[in-house]
**Q** 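Here it is, the structure, as C-alpha coordinates.
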2 protein chains.
Amino acid sequence: MHLSRSKPISEQVNNVLRERICNTNYAPGERLPSESALSKEFGVSRATIRTVLAKLAVEGLILRRQGDGTYVNERVEEINTHLGGLWDFAHLIERSGFEVSIQSQAVEKVRASEEEARVLAIDIDDELILLKRLFLGNGSPIILAKNLIPASLLAVPIEKIDGNLRIREIMKQYFLQEISFVTVEISSRLAEGNASILNLEQNAHLLNLNMRFYSNKNEPLTIGDNYLNDKILKPRLVQAWH
Amino acid sequence: MHLSRSKPISEQVNNVLRERICNTNYAPGERLPSESALSKEFGVSRATIRTVLAKLAVEGLILRRQGDGTYVNERVEEINTHLGGLWDFAHLIERSGFEVSIQSQAVEKVRASEEEARVLAIDIDDELILLKRLFLGNGSPIILAKNLIPASLLAVPIEKIDGNLRIREIMKQYFLQEISFVTVEISSRLAEGNASILNLEQNAHLLNLNMRFYSNKNEPLTIGDNYLNDKILKPRLVQAWH
DNA sequence: GAGTGGTCTAGACCACGCT
DNA sequence: GCGTGGTCTAGACCACTCA
(Lines give C-alpha, C1' and ligand atoms only; values in the text may rest on other atoms or scores of the structure.)
Protein backbone atom coordinates (compact mmCIF):
# COMPACT_ATOMS: atom_id res chain seq x y z
CA MET A 1 0.00 0.00 0.00
CA HIS A 2 1.15 3.50 -0.76
CA LEU A 3 -0.85 6.36 0.68
CA SER A 4 -0.94 9.79 -0.90
CA ARG A 5 -0.56 12.87 1.20
CA SER A 6 -3.39 14.82 -0.39
CA LYS A 7 -6.31 13.08 1.32
CA PRO A 8 -6.60 12.20 5.01
CA ILE A 9 -4.90 8.89 5.69
CA SER A 10 -7.90 7.52 7.52
CA GLU A 11 -10.10 8.18 4.50
CA GLN A 12 -7.75 6.25 2.26
CA VAL A 13 -7.50 3.35 4.69
CA ASN A 14 -11.29 3.41 4.98
CA ASN A 15 -11.67 3.07 1.21
CA VAL A 16 -9.17 0.22 0.97
CA LEU A 17 -10.75 -1.82 3.75
CA ARG A 18 -14.23 -1.15 2.42
CA GLU A 19 -13.14 -2.41 -0.98
CA ARG A 20 -11.55 -5.51 0.45
CA ILE A 21 -14.78 -6.36 2.21
CA CYS A 22 -16.96 -5.72 -0.85
CA ASN A 23 -14.63 -7.71 -3.12
CA THR A 24 -14.61 -10.50 -0.53
CA ASN A 25 -10.86 -10.20 -0.17
CA TYR A 26 -12.02 -10.44 3.38
CA ALA A 27 -14.82 -12.97 2.97
CA PRO A 28 -18.15 -12.79 4.86
CA GLY A 29 -17.68 -14.18 8.36
CA GLU A 30 -13.91 -14.09 8.02
CA ARG A 31 -11.66 -12.60 10.65
CA LEU A 32 -9.78 -9.45 9.73
CA PRO A 33 -6.12 -8.94 10.63
CA SER A 34 -5.70 -7.50 14.11
CA GLU A 35 -5.46 -3.78 14.66
CA SER A 36 -1.73 -3.92 15.19
CA ALA A 37 -1.25 -6.03 12.07
CA LEU A 38 -3.25 -3.52 10.02
CA SER A 39 -1.38 -0.57 11.49
CA LYS A 40 1.90 -2.20 10.46
CA GLU A 41 0.63 -3.01 6.98
CA PHE A 42 -0.50 0.55 6.30
CA GLY A 43 2.32 2.13 8.24
CA VAL A 44 -0.06 4.17 10.40
CA SER A 45 -0.75 4.32 14.09
CA ARG A 46 -3.18 2.00 15.78
CA ALA A 47 -5.38 4.99 16.67
CA THR A 48 -5.89 5.75 12.98
CA ILE A 49 -6.84 2.16 12.23
CA ARG A 50 -9.28 2.25 15.11
CA THR A 51 -11.14 5.34 13.86
CA VAL A 52 -11.58 3.59 10.52
CA LEU A 53 -12.77 0.31 12.05
CA ALA A 54 -15.18 2.24 14.28
CA LYS A 55 -16.87 3.74 11.23
CA LEU A 56 -17.18 0.38 9.49
CA ALA A 57 -18.63 -1.07 12.68
CA VAL A 58 -21.48 1.45 13.04
CA GLU A 59 -22.38 0.80 9.41
CA GLY A 60 -22.65 -2.87 10.30
CA LEU A 61 -19.97 -4.01 7.85
CA ILE A 62 -17.85 -5.55 10.57
CA LEU A 63 -18.41 -6.98 14.04
CA ARG A 64 -15.88 -6.46 16.80
CA ARG A 65 -15.40 -8.80 19.75
CA GLN A 66 -13.13 -7.80 22.56
CA GLY A 67 -10.53 -10.45 23.30
CA ASP A 68 -11.38 -12.23 20.07
CA GLY A 69 -11.12 -10.22 16.86
CA THR A 70 -12.82 -8.28 14.08
CA TYR A 71 -15.08 -10.15 11.68
CA VAL A 72 -16.83 -9.36 8.40
CA ASN A 73 -20.58 -9.25 8.95
CA GLU A 74 -22.05 -12.14 6.96
CA ARG A 75 -25.28 -10.26 6.48
CA VAL A 76 -24.00 -7.26 4.56
CA GLU A 77 -25.52 -8.70 1.40
CA GLU A 78 -29.06 -8.49 2.78
CA ILE A 79 -28.77 -4.83 3.55
CA ASN A 80 -29.34 -2.25 0.84
CA THR A 81 -28.42 0.80 2.86
CA HIS A 82 -27.24 1.96 6.21
CA LEU A 83 -28.31 4.92 8.23
CA GLY A 84 -25.99 7.32 6.49
CA GLY A 85 -27.16 6.21 3.06
CA LEU A 86 -30.97 6.35 3.13
CA TRP A 87 -30.88 9.70 1.32
CA ASP A 88 -28.82 8.47 -1.59
CA PHE A 89 -31.55 6.99 -3.76
CA ALA A 90 -29.33 5.98 -6.67
CA HIS A 91 -27.14 4.03 -4.29
CA LEU A 92 -30.15 2.48 -2.58
CA ILE A 93 -31.62 1.23 -5.85
CA GLU A 94 -28.29 -0.05 -7.08
CA ARG A 95 -27.61 -1.90 -3.84
CA SER A 96 -31.01 -3.56 -4.15
CA GLY A 97 -29.88 -5.24 -7.36
CA PHE A 98 -31.37 -2.96 -10.00
CA GLU A 99 -29.80 -1.11 -12.87
CA VAL A 100 -30.45 2.48 -11.87
CA SER A 101 -31.34 5.46 -14.06
CA ILE A 102 -32.64 8.94 -13.36
CA GLN A 103 -35.18 10.95 -15.36
CA SER A 104 -35.27 14.68 -14.79
CA GLN A 105 -38.96 15.57 -14.97
CA ALA A 106 -38.84 19.26 -14.22
CA VAL A 107 -36.46 22.06 -13.26
CA GLU A 108 -38.52 25.18 -12.79
CA LYS A 109 -39.35 28.15 -10.62
CA VAL A 110 -42.34 28.06 -8.29
CA ARG A 111 -43.66 30.12 -5.38
CA ALA A 112 -43.29 29.09 -1.75
CA SER A 113 -46.36 27.98 0.17
CA GLU A 114 -46.76 28.99 3.78
CA GLU A 115 -45.46 25.66 5.07
CA GLU A 116 -42.52 25.64 2.67
CA ALA A 117 -41.61 29.21 3.56
CA ARG A 118 -41.66 28.37 7.24
CA VAL A 119 -39.39 25.37 6.90
CA LEU A 120 -36.96 27.14 4.59
CA ALA A 121 -36.97 30.33 6.68
CA ILE A 122 -38.01 32.52 3.76
CA ASP A 123 -41.13 34.55 2.92
CA ILE A 124 -44.37 33.28 1.42
CA ASP A 125 -44.37 33.61 -2.39
CA ASP A 126 -40.58 33.82 -2.51
CA GLU A 127 -39.15 32.03 -5.52
CA LEU A 128 -38.12 28.40 -5.24
CA ILE A 129 -36.39 26.05 -7.63
CA LEU A 130 -38.40 22.85 -8.04
CA LEU A 131 -36.48 19.74 -9.05
CA LYS A 132 -38.68 16.81 -9.94
CA ARG A 133 -36.83 13.60 -10.63
CA LEU A 134 -37.79 10.01 -11.21
CA PHE A 135 -35.48 7.21 -10.10
CA LEU A 136 -35.89 3.97 -12.04
CA GLY A 137 -34.68 0.45 -11.35
CA ASN A 138 -34.37 -1.77 -14.42
CA GLY A 139 -36.51 0.77 -16.25
CA SER A 140 -39.39 0.72 -13.76
CA PRO A 141 -40.11 3.87 -11.77
CA ILE A 142 -39.39 3.36 -8.08
CA ILE A 143 -38.89 6.75 -6.46
CA LEU A 144 -40.38 10.13 -7.27
CA ALA A 145 -38.21 12.83 -5.73
CA LYS A 146 -39.21 16.47 -5.46
CA ASN A 147 -36.77 19.03 -4.12
CA LEU A 148 -37.44 22.66 -3.31
CA ILE A 149 -34.53 25.06 -2.99
CA PRO A 150 -34.67 28.81 -2.35
CA ALA A 151 -33.93 30.54 -5.68
CA SER A 152 -31.87 33.10 -3.82
CA LEU A 153 -29.19 30.47 -3.34
CA LEU A 154 -28.86 29.76 -7.05
CA ALA A 155 -25.32 30.44 -8.30
CA VAL A 156 -25.69 29.50 -11.99
CA PRO A 157 -28.39 29.94 -14.66
CA ILE A 158 -31.24 27.54 -13.93
CA GLU A 159 -30.79 25.86 -17.33
CA LYS A 160 -27.39 24.56 -16.30
CA ILE A 161 -28.76 22.31 -13.57
CA ASP A 162 -28.19 18.61 -14.22
CA GLY A 163 -30.86 16.60 -12.44
CA ASN A 164 -28.91 13.37 -12.69
CA LEU A 165 -26.60 14.21 -9.83
CA ARG A 166 -27.24 13.31 -6.22
CA ILE A 167 -28.66 16.07 -4.08
CA ARG A 168 -25.41 16.76 -2.21
CA GLU A 169 -23.64 17.36 -5.52
CA ILE A 170 -26.45 19.54 -6.85
CA MET A 171 -26.33 21.71 -3.76
CA LYS A 172 -22.58 22.01 -3.96
CA GLN A 173 -22.22 22.70 -7.68
CA TYR A 174 -25.20 24.92 -8.46
CA PHE A 175 -25.88 26.49 -5.08
CA LEU A 176 -22.40 26.47 -3.51
CA GLN A 177 -23.84 24.95 -0.35
CA GLU A 178 -22.48 22.10 1.72
CA ILE A 179 -25.08 19.86 3.34
CA SER A 180 -24.18 19.11 6.93
CA PHE A 181 -27.17 17.22 8.28
CA VAL A 182 -30.63 15.96 7.34
CA THR A 183 -33.85 15.21 9.13
CA VAL A 184 -36.23 12.64 7.68
CA GLU A 185 -39.87 12.10 8.52
CA ILE A 186 -41.08 8.67 7.50
CA SER A 187 -44.73 7.95 6.88
CA SER A 188 -47.19 5.90 4.90
CA ARG A 189 -49.19 7.81 2.27
CA LEU A 190 -51.74 7.38 -0.45
CA ALA A 191 -50.30 7.70 -3.93
CA GLU A 192 -53.02 10.07 -5.22
CA GLY A 193 -51.50 12.59 -7.63
CA ASN A 194 -48.23 10.68 -7.73
CA ALA A 195 -49.87 7.39 -8.71
CA SER A 196 -49.72 7.49 -12.50
CA ILE A 197 -46.07 8.42 -12.78
CA LEU A 198 -45.16 5.50 -10.51
CA ASN A 199 -47.52 3.10 -12.35
CA LEU A 200 -49.73 2.71 -9.29
CA GLU A 201 -53.45 2.93 -8.57
CA GLN A 202 -54.70 6.21 -7.09
CA ASN A 203 -55.60 4.47 -3.83
CA ALA A 204 -52.31 2.60 -3.52
CA HIS A 205 -50.22 3.43 -0.46
CA LEU A 206 -46.50 4.02 -0.49
CA LEU A 207 -43.63 5.30 1.61
CA ASN A 208 -43.11 9.01 1.99
CA LEU A 209 -39.74 10.33 3.06
CA ASN A 210 -39.94 13.98 3.96
CA MET A 211 -36.45 15.38 4.25
CA ARG A 212 -34.95 18.66 5.28
CA PHE A 213 -31.33 19.44 4.55
CA TYR A 214 -29.31 21.98 6.53
CA SER A 215 -25.88 23.62 6.40
CA ASN A 216 -23.51 23.45 9.33
CA LYS A 217 -24.79 26.90 10.28
CA ASN A 218 -28.28 25.50 10.65
CA GLU A 219 -29.53 27.26 7.52
CA PRO A 220 -32.27 25.31 5.69
CA LEU A 221 -30.98 24.42 2.22
CA THR A 222 -33.66 22.26 0.65
CA ILE A 223 -36.83 20.29 1.29
CA GLY A 224 -37.14 16.81 -0.19
CA ASP A 225 -40.56 15.23 -0.68
CA ASN A 226 -40.00 11.68 -1.84
CA TYR A 227 -42.40 8.89 -2.76
CA LEU A 228 -41.08 5.38 -2.80
CA ASN A 229 -42.90 2.41 -4.32
CA ASP A 230 -42.26 -0.06 -1.56
CA LYS A 231 -43.92 -2.89 -3.46
CA ILE A 232 -40.77 -2.96 -5.58
CA LEU A 233 -38.12 -1.80 -3.13
CA LYS A 234 -38.21 -1.82 0.65
CA PRO A 235 -35.32 -0.04 2.31
CA ARG A 236 -33.56 -2.33 4.77
CA LEU A 237 -31.09 -0.52 6.91
CA VAL A 238 -28.70 -1.49 9.61
CA GLN A 239 -27.62 0.01 12.90
CA ALA A 240 -25.00 -1.28 15.31
CA TRP A 241 -24.31 -0.28 18.88
CA HIS A 242 -21.16 0.62 20.77
CA MET B 1 -16.97 17.55 38.19
CA HIS B 2 -15.76 14.39 39.83
CA LEU B 3 -15.59 11.27 37.71
CA SER B 4 -15.87 7.80 39.15
CA ARG B 5 -13.51 5.08 38.08
CA SER B 6 -16.12 2.39 37.60
CA LYS B 7 -17.49 3.52 34.25
CA PRO B 8 -15.50 4.64 31.22
CA ILE B 9 -14.62 8.32 31.52
CA SER B 10 -15.90 9.08 28.03
CA GLU B 11 -19.31 7.65 28.94
CA GLN B 12 -19.54 9.86 31.99
CA VAL B 13 -18.47 12.94 30.06
CA ASN B 14 -20.98 12.02 27.35
CA ASN B 15 -23.80 11.90 29.91
CA VAL B 16 -22.86 15.23 31.46
CA LEU B 17 -22.65 17.08 28.15
CA ARG B 18 -25.87 15.48 26.93
CA GLU B 19 -27.61 16.64 30.08
CA ARG B 20 -26.27 20.15 29.76
CA ILE B 21 -27.65 20.35 26.24
CA CYS B 22 -31.06 18.93 27.17
CA ASN B 23 -31.35 21.20 30.21
CA THR B 24 -30.31 24.13 28.03
CA ASN B 25 -27.32 24.78 30.25
CA TYR B 26 -25.89 25.08 26.82
CA ALA B 27 -28.79 26.79 25.05
CA PRO B 28 -29.88 25.99 21.47
CA GLY B 29 -27.57 27.77 19.02
CA GLU B 30 -25.09 28.57 21.76
CA ARG B 31 -21.40 27.91 21.40
CA LEU B 32 -19.88 25.23 23.61
CA PRO B 33 -16.55 25.71 25.36
CA SER B 34 -13.62 24.74 23.17
CA GLU B 35 -12.20 21.22 23.27
CA SER B 36 -9.20 22.31 25.31
CA ALA B 37 -11.43 24.18 27.76
CA LEU B 38 -13.59 21.09 28.22
CA SER B 39 -10.58 18.82 28.61
CA LYS B 40 -9.29 21.10 31.36
CA GLU B 41 -12.68 21.26 33.08
CA PHE B 42 -13.06 17.48 33.18
CA GLY B 43 -9.38 16.80 33.69
CA VAL B 44 -9.20 14.45 30.71
CA SER B 45 -7.24 14.50 27.50
CA ARG B 46 -8.43 16.30 24.43
CA ALA B 47 -8.72 12.98 22.60
CA THR B 48 -11.30 11.77 25.10
CA ILE B 49 -13.34 14.95 24.72
CA ARG B 50 -13.19 14.54 20.97
CA THR B 51 -14.60 11.00 20.97
CA VAL B 52 -17.52 12.26 23.03
CA LEU B 53 -18.17 15.29 20.80
CA ALA B 54 -17.96 13.07 17.72
CA LYS B 55 -20.82 10.93 19.06
CA LEU B 56 -22.97 13.94 19.85
CA ALA B 57 -22.27 15.28 16.36
CA VAL B 58 -23.49 12.20 14.45
CA GLU B 59 -26.66 12.28 16.54
CA GLY B 60 -27.15 15.84 15.34
CA LEU B 61 -27.11 17.35 18.84
CA ILE B 62 -24.18 19.61 18.04
CA LEU B 63 -22.66 21.18 14.94
CA ARG B 64 -18.91 21.55 14.58
CA ARG B 65 -17.22 24.18 12.47
CA GLN B 66 -13.49 24.04 11.94
CA GLY B 67 -11.80 27.28 12.81
CA ASP B 68 -14.93 28.49 14.54
CA GLY B 69 -16.36 26.32 17.29
CA THR B 70 -18.93 23.78 18.46
CA TYR B 71 -22.59 24.82 18.62
CA VAL B 72 -25.79 23.32 20.00
CA ASN B 73 -28.10 22.38 17.13
CA GLU B 74 -31.16 24.62 17.39
CA ARG B 75 -33.34 21.98 15.78
CA VAL B 76 -32.95 19.21 18.33
CA GLU B 77 -36.44 19.94 19.57
CA GLU B 78 -38.05 19.02 16.24
CA ILE B 79 -36.46 15.60 16.20
CA ASN B 80 -38.02 12.73 18.07
CA THR B 81 -35.31 10.19 17.48
CA HIS B 82 -31.92 9.69 15.93
CA LEU B 83 -30.48 6.83 14.01
CA GLY B 84 -29.62 4.80 17.04
CA GLY B 85 -33.02 5.30 18.64
CA LEU B 86 -35.63 4.25 16.10
CA TRP B 87 -35.96 0.87 17.79
CA ASP B 88 -36.69 2.28 21.22
CA PHE B 89 -40.42 2.85 20.92
CA ALA B 90 -40.99 4.09 24.45
CA HIS B 91 -38.32 6.71 23.94
CA LEU B 92 -39.70 7.65 20.53
CA ILE B 93 -43.20 8.22 21.88
CA GLU B 94 -41.94 10.13 24.88
CA ARG B 95 -39.76 12.38 22.74
CA SER B 96 -42.79 13.13 20.60
CA GLY B 97 -44.48 14.73 23.56
CA PHE B 98 -46.75 11.95 24.78
CA GLU B 99 -47.10 10.27 28.12
CA VAL B 100 -46.03 6.74 27.30
CA SER B 101 -47.39 3.46 28.62
CA ILE B 102 -47.03 -0.16 27.57
CA GLN B 103 -49.67 -2.88 27.57
CA SER B 104 -48.47 -6.46 27.43
CA GLN B 105 -51.02 -8.21 25.22
CA ALA B 106 -49.54 -11.70 25.10
CA VAL B 107 -46.55 -13.74 26.20
CA GLU B 108 -46.96 -17.22 24.78
CA LYS B 109 -45.42 -20.09 22.90
CA VAL B 110 -46.04 -20.51 19.18
CA ARG B 111 -44.57 -22.56 16.33
CA ALA B 112 -42.18 -21.14 13.75
CA SER B 113 -43.39 -20.63 10.19
CA GLU B 114 -41.06 -21.38 7.31
CA GLU B 115 -40.08 -17.74 6.90
CA GLU B 116 -39.57 -17.23 10.62
CA ALA B 117 -37.47 -20.36 10.89
CA ARG B 118 -35.28 -19.23 8.02
CA VAL B 119 -34.61 -15.82 9.48
CA LEU B 120 -33.97 -17.15 12.97
CA ALA B 121 -31.84 -20.04 11.69
CA ILE B 122 -33.96 -22.69 13.40
CA ASP B 123 -36.26 -25.47 12.18
CA ILE B 124 -39.85 -25.15 11.07
CA ASP B 125 -42.28 -25.83 13.93
CA ASP B 126 -39.60 -25.13 16.54
CA GLU B 127 -40.98 -23.32 19.56
CA LEU B 128 -40.95 -19.55 19.69
CA ILE B 129 -41.84 -17.06 22.39
CA LEU B 130 -44.31 -14.50 21.09
CA LEU B 131 -44.35 -11.13 22.81
CA LYS B 132 -47.22 -8.90 21.76
CA ARG B 133 -47.11 -5.43 23.20
CA LEU B 134 -49.04 -2.24 22.66
CA PHE B 135 -47.34 1.12 23.09
CA LEU B 136 -49.67 3.98 23.97
CA GLY B 137 -49.19 7.72 23.92
CA ASN B 138 -51.51 9.68 26.22
CA GLY B 139 -53.62 6.54 26.42
CA SER B 140 -54.07 6.12 22.67
CA PRO B 141 -52.55 3.07 20.98
CA ILE B 142 -49.72 4.09 18.65
CA ILE B 143 -47.50 1.08 18.09
CA LEU B 144 -48.29 -2.62 18.03
CA ALA B 145 -45.08 -4.57 18.55
CA LYS B 146 -44.74 -8.31 18.04
CA ASN B 147 -41.50 -10.06 18.88
CA LEU B 148 -40.58 -13.66 18.16
CA ILE B 149 -37.71 -15.25 20.06
CA PRO B 150 -36.48 -18.86 19.85
CA ALA B 151 -37.72 -20.64 22.97
CA SER B 152 -34.40 -22.46 23.17
CA LEU B 153 -32.81 -19.21 24.33
CA LEU B 154 -35.18 -18.77 27.26
CA ALA B 155 -33.31 -18.69 30.57
CA VAL B 156 -36.21 -18.21 33.01
CA PRO B 157 -39.79 -19.52 33.29
CA ILE B 158 -41.92 -17.83 30.65
CA GLU B 159 -44.23 -16.41 33.33
CA LYS B 160 -41.45 -14.23 34.67
CA ILE B 161 -41.18 -12.15 31.51
CA ASP B 162 -42.08 -8.51 32.02
CA GLY B 163 -43.31 -7.02 28.75
CA ASN B 164 -42.87 -3.46 29.94
CA LEU B 165 -39.14 -3.46 29.37
CA ARG B 166 -37.45 -2.42 26.17
CA ILE B 167 -36.39 -5.24 23.90
CA ARG B 168 -32.68 -4.94 24.68
CA GLU B 169 -33.45 -5.40 28.38
CA ILE B 170 -35.79 -8.29 27.73
CA MET B 171 -33.16 -10.09 25.69
CA LYS B 172 -30.53 -9.48 28.34
CA GLN B 173 -32.55 -10.40 31.41
CA TYR B 174 -34.65 -13.34 30.26
CA PHE B 175 -32.56 -14.73 27.42
CA LEU B 176 -29.04 -13.70 28.54
CA GLN B 177 -28.36 -12.30 25.08
CA GLU B 178 -26.72 -9.02 24.17
CA ILE B 179 -28.07 -7.36 21.03
CA SER B 180 -25.24 -6.08 18.86
CA PHE B 181 -26.96 -4.86 15.71
CA VAL B 182 -30.33 -4.56 14.03
CA THR B 183 -31.64 -4.48 10.50
CA VAL B 184 -34.92 -2.69 9.80
CA GLU B 185 -37.08 -2.98 6.73
CA ILE B 186 -39.45 -0.05 6.38
CA SER B 187 -42.65 -0.28 4.37
CA SER B 188 -46.19 0.92 4.07
CA ARG B 189 -48.86 -1.64 4.89
CA LEU B 190 -52.59 -2.07 5.20
CA ALA B 191 -53.78 -2.33 8.79
CA GLU B 192 -56.00 -5.40 8.18
CA GLY B 193 -55.88 -7.68 11.22
CA ASN B 194 -54.07 -5.07 13.27
CA ALA B 195 -56.68 -2.38 12.60
CA SER B 196 -59.02 -2.76 15.55
CA ILE B 197 -56.38 -2.82 18.25
CA LEU B 198 -54.94 0.43 16.88
CA ASN B 199 -58.39 2.01 16.49
CA LEU B 200 -58.08 2.12 12.69
CA GLU B 201 -60.20 1.09 9.73
CA GLN B 202 -59.34 -2.23 8.11
CA ASN B 203 -58.27 -0.47 4.91
CA ALA B 204 -56.14 2.14 6.67
CA HIS B 205 -52.45 2.13 5.85
CA LEU B 206 -49.66 2.43 8.37
CA LEU B 207 -45.94 2.09 8.80
CA ASN B 208 -44.43 -1.35 9.19
CA LEU B 209 -41.00 -1.73 10.75
CA ASN B 210 -39.69 -5.23 10.28
CA MET B 211 -36.67 -5.70 12.48
CA ARG B 212 -34.12 -8.42 12.99
CA PHE B 213 -31.83 -8.35 15.99
CA TYR B 214 -28.48 -10.13 16.08
CA SER B 215 -25.72 -10.89 18.56
CA ASN B 216 -22.13 -9.89 17.91
CA LYS B 217 -21.59 -13.44 16.70
CA ASN B 218 -24.19 -12.90 14.00
CA GLU B 219 -26.71 -15.19 15.69
CA PRO B 220 -30.33 -14.13 15.07
CA LEU B 221 -31.91 -13.29 18.42
CA THR B 222 -35.37 -12.00 17.64
CA ILE B 223 -37.70 -10.81 14.91
CA GLY B 224 -39.72 -7.67 15.48
CA ASP B 225 -42.87 -7.00 13.46
CA ASN B 226 -44.08 -3.56 14.37
CA TYR B 227 -47.05 -1.51 13.22
CA LEU B 228 -46.98 2.20 13.78
CA ASN B 229 -49.98 4.48 13.45
CA ASP B 230 -48.31 7.29 11.58
CA LYS B 231 -51.42 9.44 11.65
CA ILE B 232 -50.56 10.07 15.29
CA LEU B 233 -46.79 9.81 15.32
CA LYS B 234 -44.38 10.14 12.43
CA PRO B 235 -40.79 9.27 13.26
CA ARG B 236 -38.47 12.13 12.36
CA LEU B 237 -34.86 11.19 12.57
CA VAL B 238 -31.61 12.97 12.01
CA GLN B 239 -28.32 12.11 10.39
CA ALA B 240 -25.18 14.21 10.20
CA TRP B 241 -22.11 13.75 8.05
CA HIS B 242 -18.39 13.83 8.80
C1' DG C 1 -0.58 -16.76 29.25
C1' DA C 2 -0.76 -14.73 24.78
C1' DG C 3 -3.28 -11.97 21.87
C1' DT C 4 -7.28 -9.40 20.99
C1' DG C 5 -9.99 -5.12 21.15
C1' DG C 6 -11.29 -0.98 24.61
C1' DT C 7 -9.80 3.16 26.97
C1' DC C 8 -6.90 6.99 27.70
C1' DT C 9 -2.87 10.11 27.63
C1' DA C 10 0.30 13.95 26.03
C1' DG C 11 1.94 15.57 22.75
C1' DA C 12 2.54 17.38 17.45
C1' DC C 13 1.17 19.60 13.30
C1' DC C 14 -2.40 21.10 9.92
C1' DA C 15 -6.64 23.60 7.96
C1' DC C 16 -9.74 26.90 8.63
C1' DG C 17 -12.50 31.16 10.26
C1' DC C 18 -12.45 35.32 12.24
C1' DT C 19 -10.89 40.04 13.07
C1' DG D 1 -2.17 36.13 14.11
C1' DC D 2 -4.77 33.67 17.16
C1' DG D 3 -7.89 30.24 18.47
C1' DT D 4 -10.74 26.81 16.75
C1' DG D 5 -11.55 22.06 15.30
C1' DG D 6 -9.23 18.03 12.22
C1' DT D 7 -5.62 14.58 11.78
C1' DC D 8 -2.16 11.64 13.52
C1' DT D 9 1.44 9.52 16.48
C1' DA D 10 3.61 6.44 20.13
C1' DG D 11 2.88 4.56 23.94
C1' DA D 12 0.45 2.89 28.28
C1' DC D 13 -2.72 0.06 30.71
C1' DC D 14 -7.09 -2.56 31.09
C1' DA D 15 -10.80 -6.19 29.97
C1' DC D 16 -11.75 -9.90 27.64
C1' DT D 17 -11.55 -14.55 24.99
C1' DC D 18 -9.53 -18.52 23.89
C1' DA D 19 -6.52 -22.32 24.08
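Chain naming here is simple, since letters A, B, ... match the order of the sequence lines and numbering starts at 1 in each. Computed from a predicted structure; not experimentally measured.
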**Q** Report yes if at least one side-chain N or O of B:S45 is closer than 4.0 Å to OP1 or OP2 of C:dA10; otherwise report no.
**A**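 No, because none of the side-chain N or O atoms of B:S45 sits under 4.0 Å from OP1 or OP2 of C:dA10.
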**Q** Take the protein atom CG of B:L63 and the nucleotide atom P of D:dG6, then report the distance between them rounded to whole Å.
**A**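 Rounded to the whole Å, the gap is 11 Å.
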**Q** Send over the distance from A:L53 CG to C:dT4 C1', rounded to a whole Å.
**A**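 About 12 Å, once rounded to whole Å.
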**Q** Between B:S34 and D:dG3, does any side-chain N or O lie under 4.0 Å from OP1 or OP2?
**A**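 Answer no for this pair, as no side-chain N or O of B:S34 is under 4.0 Å from OP1 or OP2.
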**Q** Answer yes or no: does a side-chain N or O of B:T70 lie under 4.0 Å from OP1 or OP2 of D:dT4?
**A**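 Checking D:dT4 against B:T70, no side-chain N or O comes under 4.0 Å of OP1 or OP2.
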**Q** In whole Å, what is the span from the NZ atom of B:K7 to the C1' atom of D:dC14?
**A**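 Atom-to-atom, B:K7 to D:dC14, this comes out as 18 Å.
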**Q** Would you say B:R50 reaches D:dG5's phosphate, i.e. side-chain N/O to OP1/OP2 under 4.0 Å?
**A**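 So the side chain of B:R50 is outside the cut-off, no N or O lying under 4.0 Å from OP1 or OP2 of D:dG5.
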**Q** Side chains of B:R46 and B:S39: any donor to acceptor distance under 3.5 Å?
**A**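 Distance-only check fails for B:S39 and B:R46.
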**Q** Nearest to the side chain of A:R64, which nucleotide is it out of C:dG6, D:dC8, D:dG6?
**A**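 Given the options C:dG6, D:dC8, D:dG6, the side chain of A:R64 is closest to C:dG6.
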**Q** Fit a plane to each ring of A:F181 and A:Y214, take the angle between them on a 0 to 90° scale, and name the class: parallel (under 30°), tilted (30 to 60°) or perpendicular (over 60°).
**A**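 Because their plane-to-plane angle is under 30°, the rings of A:F181 and A:Y214 count as parallel.
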**Q** Tell me: CD1 of A:I9 to C1' of D:dC8, nearest whole Å?
**A**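 Those two atoms, CD1 and C1', are 7 Å apart.
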**Q** Round to a whole Å and report the spacing from CZ of B:R65 to C1' of D:dG3.
**A**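 Nearest whole value for this atom pair: 15 Å.
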**Q** Are any side-chain N or O atoms of A:Y174 and backbone N or O atoms of A:I158, one a donor and one an acceptor, separated by less than 3.5 Å?
**A**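 It does not hold such a pair.
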**Q** Without decimals, in angstroms, what is the distance between B:I49 CD1 and D:dT4 P?
**A**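 Answer to the nearest Å: 14 Å.
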**Q** Whole-Å distance between D:dG11 P and A:E35 CD?
**A**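 From A:E35 CD to D:dG11 P: 17 Å.
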**Q** Quick one: label A:T51 by what it contacts on the DNA or RNA (base, sugar-phosphate, nothing), any heavy atom closer than 4.0 Å.
**A**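 It contacts nothing in the nucleic acid.
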**Q** Any idea which heavy atoms bring A:R18 and A:L61 closest together, and the distance?
**A**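 Minimum heavy-atom contact is CG-CD2, 4.2 Å.
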**Q** For residues B:S180 and A:L63, report the shortest heavy-atom separation together with the two atoms involved.
**A**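 What the structure gives for the nearest pair is OG-CD2, 4.3 Å.
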**Q** What's the closest nucleotide to the A:R46 side chain, out of C:dT9, C:dG17, C:dG6?
**A**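 Selected nucleotide: C:dG6.
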**Q** Can you tell me the distance, in whole Å, between the CG atom of B:N216 and the P atom of C:dT4?
**A**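 Interatomic distance, CG of B:N216 to P of C:dT4: 18 Å.
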**Q** Nearest nucleotide by nearest heavy atom, which residue falls closer to the 5' end of DNA chain D, B:K217 or B:A47?
**A**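 Looking at DNA chain D, the more 5' nearest nucleotide goes with B:A47.
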**Q** So which one's nearest nucleotide on DNA chain D is more toward 5', A:T48 or B:D68?
**A**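 On the 5' side of the pair lies B:D68.
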